[in-house]
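Each remark here refers to the structure printed beneath this line.
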Amino acid sequence: MLRNIKQSDKGLIQDIQDVGCLFLCFAQVSPLVFEDDEGRKALNKIWKEAKNKGYISPANIIMNHNKLANEFFALDVRYDDKHHGAEETIPPSVLYVFGKYTYNYSHFVVLNKNKEVIFDSYGTSNTVKYGKLESTRWYYAV
């Protein structure tokens, strides 16, 4: 869980500030607590280590959701590796839902099963405020 940390925080490395919304969704649903400066340092370290292991590509795309979630965020989840349509019904077996909104850019947020935003790494982003839900990512308990 994130406490007192937003994607725009200058204490986060530039890659996280620029494109770390999906990464921060994992941090938010994690049982680990990332708080204040120590939390920012831990997130920066995780990003760098995950990138070194190839879980995040050189272009800053999360390549291995399962390894990132399990190894770094203590989440016992399995990603089904699909981009589900915004209109699809979320099955009861899904533990976490991350939604991809688009406006001028794309932005990931944590959704509840009714597809309501329960976490936005910016607090309130224009992409969510003015954009539309394009797709969802589903994570199941292992």
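We're numbering straight along the sequence, starting at 1.
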Answer yes or no: are there more than 12 heavy-atom neighbours, outside K51 itself, under 6.0 Å from its atom NZ? yes
Are F73 and F34 an aromatic pair by the rule of ring centers under 6.0 Å? yes
Looking at the rings of F108 and F98, which for Trp means the six-membered one, are their centres under 6.0 Å apart? no
Aromatic plane relationship, H84 with W138 - under 30° parallel, 30 to 60° tilted, over 60° perpendicular: parallel
Give me the atom names and distance for the closest heavy-atom approach of N70 to V77. ND2-O, 3.2 Å
Between L2 and V117, is there a shared hydrophobic cluster once you connect ILVMFWY residues whose side-chain heavy atoms come closer than 4.5 Å? no
Can you establish whether the number of heavy atoms outside K113 located under 6.0 Å from its atom NZ is more than 12? yes
Using modelled atom types and a 3.5 Å cut-off, is there a donor and acceptor pairing between side-chain atoms of Q7 and backbone atoms of Y122? no
With a 3.5 Å cut-off and no angle check, do the side chains of K53 and N64 form a donor-acceptor pair? no
Looking only at side-chain N and O atoms, does N126 offer a donor or acceptor that is under 3.5 Å from a partner on H107? no
Over 60° means perpendicular and under 30° means parallel, so tell me whether Y139 and Y79 are parallel, tilted or perpendicular. parallel
Under the criterion side chain to side chain contact (heavy atoms under 4.5 Å, CB included), I'd like the reasoning laid out for L75 against V29: C-alpha separation, chi angles, the key distance, then a yes or no. CA-CA 8 Å; L75 293 165; V29 300; 3.8 Å; yes
Evaluate salt bridge (Lys or Arg N to Asp or Glu O under 4.0 Å) for R40 paired with D9, printing each intermediate quantity in order. CA-CA 8 Å; R40 290 178 195 89; D9 286 349; 3.0 Å; yes
Donor-acceptor contact present, side-chain D120 to main-chain V109, <3.5 Å: no
Chi angles and distances behind the side chain to side chain contact (heavy atoms under 4.5 Å, CB included) call for D18, N60: CA-CA 10 Å; D18 291 344; N60 296 321; over 6 Å; no
Go through the steps for Y55 and I62 under the test side chain to side chain contact (heavy atoms under 4.5 Å, CB included), then give the verdict. CA-CA 6 Å; Y55 305 166; I62 296 176; 5.9 Å; no
